[in-house]
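Keep in mind that what you see is a predicted model, and the values were worked out from it rather than measured.
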Amino acid sequence: MIVHVGSGSDGTEDSDSSAEREQTNSSESDGNIPKRTRLTRASLRLSQSSQGKLFFPHSCSPGDVEVNPGPAVPSSTPIPQALSFDDFCNRKNTLDVKQDESPPLTPTGNAPSSESELDISSPNASHDESLAKDPALRDSDKDLSHRPKRRRCHETYNFNMKCPTPGCNSLGHLTGKHERHFAVSGCPLYHNLSADECKVKATTREKHEEEAKVQEESNRHATRHQTPTSRQTRYKEQVTEMRKGRNSGLSKEQKEKYMEHRQSHGNTREPLLENITSEYDLELFRKAQARASEDLERLRIQGQITEGSNMIKTILFGRYELDTWYHSPYPEEYARLGRLYVCEFCLKYMKSQTILRRHMAKCVWKHPPGDEVYRKGAISVFEVDGKKNKIYCQNLCLLAKLFLDHKTLYYDVEPFLFYVMTEADNTGCHLVGYFSKEKNSFLNYNVSCILTMPQYMRQGYGKMLIDFSYLLSKVEEKVGSPERPLSDLGLISYRSYWKEVLLRYMYNFQGKEISIKEISQETAVNPVDIVSTLQSLQMLKYWKGKHLVLKRQDLIDEWKSKETKRGSNNKTIDPSSLKWTPPKGT
């Protein structure tokens with residue numbers, strides 16, 4: 001039985017309303033459903049179970065209702081009196097509603113599979129009739145605590161994506177602060193951890209950070225001490241004690257376990273790190289991993305890094321395949337490939353292995369362009385003018401940006417000189433690293449940008465580049481300093497170099513009084529860098545209105561012992577092998 005509710009409010013029926021109903025019936029026969037208020041399934045069932053009794057909401061009257069189609073009502077059957085909505089709600093609980101075997105049909109002629117398929121056109125009718133269906137809903141409008149809360153996920157999550165680690169379900173995050181991850185940097189499984197362990201570690205880190213903030217706040221207005229406080233001394237002793245057993249080596253069982261882990265997982269998992277170093281250093285490493293992962297996640301949410309973005313992941317460079325660290329502004333047609341092929345001699349970049357192979361068959365370069373100003377053994381340094389060899393220097397800057405964060409120079413290379421260090425063999429001079437410097441620096445910067453290629457890192461080449469830059473400053477009879485800001489690895493390298501230079505000077509110094517100005521003139525190191533290094537070594541004291549430089553024999557002896565262990569394999573710059581004169585003008 002289909003009930004149509006008209007728009008009239010009284011019980012009379014004129015010709016216009018009849019015409020409207022005829023038009024409505026004809027439109028229904030054509031399959032076009034008019035936009036009128038319909039009763040829900042509960043009201044339809046009530047009407048069927050009551051043998052044709054009709055109940056109307058408060059917005060309708062008996063004269064507005066037409067039953068079509070339906071069995072003819074005998075004249076002896078009394079027509080029930082229309083009920084108001086309030087009477088209907090009061091009497092509904094006393095009605096014995098009998099369920100029919102077949103569900104009522106919808107206006108389309110199909111039985112609905114759920115209550116949500118019933119079309120409710122009027123919002124008011126929907127609300128009133130839902131109240132009529134279940135009076136308990138009237139009380140639940142005020143208290144919705146019984147309803148389950150819908151889980152909301154971050155709008156940037158794309159659930160069609162998944163973590164590339166085999167066997168990972170993308171749940172959890174290395175930082176312990178997110179519910180999902182889509183990259184290896186945030187995958188707990190890749191780092192041989194579980195999601196719960198990451199959350200526990202995150203809670204521990206937050207607790208330590210809060211304690212550090214409290215301690216920093218209490219020491220903010222305290223007098224700065226030249227000597228370590230008792231708390232710092234105790235902490236240093238604890239760290240020394242924890243690091244004592246880090247060089248004990250791995251047992252046979254541990255080595256077998258690590259080899260089995262590597263053979264079963266390969267590069268899809270991080271190597272096992274337990275017992276390789278001290279627990280203190282391992283925790284520092286885990287903390288740095290979590291911080292880097294958090295920074296990457298924040299950049300991804302902000303839209304600065306998106307999955308599938310134009311970022312080169314790896315480059316094929318000579319005999320090595322290198323993973324990149326940062327984004328470099330290569331042309332989009334090359335950047336979107338994800339893998340780049342670079343000639344190690346002319347630094348031209350290509351799209352495929354085939355193009356690189358054909359290029360290498362024709363490339364006549366075996367060393368960087370420019371003048372060779374230094375050679376000792378297999379190590380050579382070439383001076384390349386950015387104005388004369390513009391394309392090579394631009395390609396060098398684009399390559400360097402893949403491994404440097406604070407680099408902004410890519411194309412404007414003409415005001416700079418590039419000093420490229422290479423290592424020679426029977427195939428040519430292979431790029432080890434380089435540094436650039438301005439032709440005319442008003443602030444006496446002897447380095448603008450410095451880089452050691454990843455395959456040559458931690459082998460002493462970084463210190464050789466730094467030492468070579470200061471050698472050029474000595475020849476120019478100037479005091480030099482690197483341009484700021486320094487990258488993280490650059491800062492570590494420079495601090496290590498300054499420390500070594502000062503300790504060597506102290507070891508060879510035979511006088512009684514020492515001057516920072518004299519140290520600066522002999523080493524070409526800026527006095528500001530000398531003072532900061534002396535402070536870090538606790539060799540600078542303030543006594544009776546004067547700053548005194550202390551000669552700490554323990555540090556000098558420690559440096560000398562390390563120098564002896566290195567022996568003849570130590571990579572150093574020989575000033576006698578330099579064949580260079582300072583350039584005049586630009």
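In this structure, His173 and Thr175 approach most closely via the heavy-atom pair ND1-OG1, 2.9 Å. The two residues Glu383 and Val373 come nearest to each other via the heavy atoms CB-CG1, 3.9 Å. Of all the heavy atoms in Val525 and Ser520, the pair that sits closest is O-OG, 2.7 Å. Here the closest heavy-atom approach between residue Gly480 and residue Ser473 is recorded as CA-OG, 4.2 Å. Closest of all the heavy-atom pairs between Leu534 and Val549 is CD1-CG2, 4.1 Å. Summarising the geometry of Phe182 relative to Pro164, their closest heavy-atom pair is O-CD, 3.7 Å, with the distance given to 0.1 Å.
Residues Glu279 and Met242 have side chains not in contact (no heavy-atom distance under 4.5 Å, counting atoms from C-beta outward). Counting only heavy atoms from C-beta outward, the side chains of Phe403 and Leu489 never approach each other to under 4.5 Å. Side-chain contact check for Tyr330 versus Lys401: every heavy-atom pair is 4.5 Å or farther apart. Considering only heavy atoms from C-beta on, Pro582 comes within 4.5 Å of Trp580 through its side chain. The closest side-chain heavy-atom distance from Cys343 to Met360 is below 4.5 Å. Residues Ile514 and Lys551 fail the side-chain proximity criterion, which asks for heavy atoms closer than 4.5 Å. In this structure the side chain of Glu294 reaches within 4.5 angstrom of the side chain of His178, judged on heavy atoms. For the pair Leu399 and Ile315, the minimum side-chain heavy-atom distance is below 4.5 Å.
Distance check: Glu483 CD to Ser448 OG gives 4.5 Å after rounding to the nearest 0.5 Å. Atoms NZ and OG1, from Lys562 and Thr564 in turn, are 12.0 Å apart once rounded to the nearest 0.5 Å. Between Glu513 atom CD and Glu518 atom CD the span is 9.5 Å, to the nearest 0.5 Å. If you take OH on Tyr349 and CG on Asn395, they are separated by 5.5 Å, rounding to the nearest 0.5 Å. Note that the CZ atom of Phe416 and the OG atom of Ser441 stand 9.0 Å from one another [nearest 0.5 Å]. Atom NZ in Lys390 sits 10.5 Å away from atom NZ in Lys387 (nearest 0.5 Å).
Listed for the Arg552 side chain is a donor-acceptor partner under 3.5 Å among the backbone atoms of Leu537. A donor-acceptor distance shorter than 3.5 angstrom exists from the side chain of Thr324 to the backbone of Lys313, with no hydrogens or angles considered. A donor-acceptor contact shorter than 3.5 Å is absent between the side chain of Lys571 and the backbone of Gly462. Under a 3.5 Å cut-off, the side chain of Tyr494 and the backbone N or O of Ser481 do not form any donor-acceptor pair. Not one N or O on the side chain of Arg458 forms a donor-acceptor pair closer than 3.5 Å with the backbone of Tyr456. A donor-acceptor pair under 3.5 Å links the side-chain atoms of Ser469 to the main chain of Ile466, judged by distance alone. Looking at Thr240, its side chain does come within 3.5 Å of a backbone N or O of Lys236 through a donor-acceptor pair. Without hydrogens or angle criteria, Lys499 side chain to Leu502 main chain gives no donor-acceptor distance under 3.5 Å. Between the side chain of Thr533 and the backbone N or O of Asp529 there is at least one donor-acceptor pair closer than 3.5 Å. Ser293 places no side-chain N or O within 3.5 Å of a backbone atom of Gln289 that could act as its donor or acceptor partner.
Summarising the local packing, CZ of Arg375 is surrounded by 12 or fewer heavy atoms from other residues, nucleotides or ligands at distances under 6.0 Å. In the displayed structure, Asp425 atom CG is contacted under 6.0 Å by more than 12 heavy atoms of other residues, nucleotides or ligands. The neighbour count for Tyr507 OH, taken as heavy atoms of other residues, nucleotides or ligands under 6.0 Å away, does not exceed 12. Around the CZ atom of Arg339, the shell of radius 6.0 Å holds more than 12 heavy atoms that belong to other residues, nucleotides or ligands. Around atom CG of Asn267, no more than 12 heavy atoms belonging to other residues, nucleotides or ligands sit under 6.0 Å away. Dense packing is recorded around CD of Glu256, with more than 12 heavy atoms of other residues, nucleotides or ligands lying under 6.0 Å away.
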Check your understanding: Arg205 and Glu209: salt bridge (charged side-chain N to carboxylate O under 4.0 Å, His left out), yes or no, with the steps?
Key -> CA-CA 6 Å; Arg205 285 194 299 268; Glu209 289 176 359; 5.8 Å; no
**Study point:** Derivation of the side-chain contact (heavy atoms from CB on, under 4.5 Å) call for His181 and Leu174
**Key:** CA-CA 9 Å; His181 67 275; Leu174 181 63; over 6 Å; no
Point to revise | Derivation of the side-chain contact (heavy atoms from CB on, under 4.5 Å) call for Val531 and Leu540 | key: CA-CA 8 Å; Val531 171; Leu540 190 65; 3.9 Å; yes
Practice item. Assess whether side-chain contact (heavy atoms from CB on, under 4.5 Å) is satisfied between Glu423 and Ile379, documenting all intermediate values. Key: CA-CA 5 Å; Glu423 187 177 36; Ile379 301 298; 4.3 Å; yes
Check your understanding: Are Ser328 and Ile312 close enough, and set up right, to give a side-chain contact (heavy atoms from CB on, under 4.5 Å), and what steps lead you there?
Key -> CA-CA 8 Å; Ser328 183; Ile312 299 171; 5.7 Å; no
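Phe509 and Tyr505 have parallel rings, their planes meeting at less than 30° on a 0 to 90° scale where 60° marks the start of perpendicular. Using cut-offs of 30° and 60° on the angle between ring planes, the pair Phe382 and His367 is parallel. Using a 30° and 60° split on the angle between ring planes, Phe435 and Tyr419 fall in the parallel class, below 30°. Aromatic ring orientation, Tyr470 versus Tyr497: parallel (interplanar angle below 30°, classes split at 30° and 60°).
Under the 4.0 Å criterion applied to side-chain N and carboxylate O atoms, Asp371 and Lys579 are not assigned as salt-bridge partners. Ion pair Arg319/Glu344 not flagged as a salt bridge, since none of the NZ, NE, NH1 or NH2 atoms sits closer than 4.0 Å to an Asp/Glu carboxylate oxygen.
In this model, a donor atom of one side chain and an acceptor atom of the other lie less than 3.5 Å apart for Ser380 and Glu372.
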Exercise answer: donor-acceptor pairs, residues 187-195 side-chain atoms, under 3.5 Å, sequence neighbours excluded:
unit_1, atom_1, unit_2, atom_2, d
His191, ND1, Cys187, O, 2.7
Asn192, OD1, His261, NE2, 3.2
Asn192, ND2, Glu270, O, 2.7
Ser194, OG, Glu197, N, 3.3

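Across Asp385, Leu417, Val420, Val384, a single residue satisfies side-chain contact (heavy atoms from CB on, under 4.5 Å) together with Cys393, and that is Val384.
Listed by first and then second residue, the salt bridge (Lys or Arg N to Asp or Glu O under 4.0 Å) pairs involving residues 471-480 are Lys437-Glu476 (not counting sequence neighbours).
Scored by the side-chain contact (heavy atoms from CB on, under 4.5 Å) test, Met259 finds Gln263 as partners (sequence neighbours excluded).
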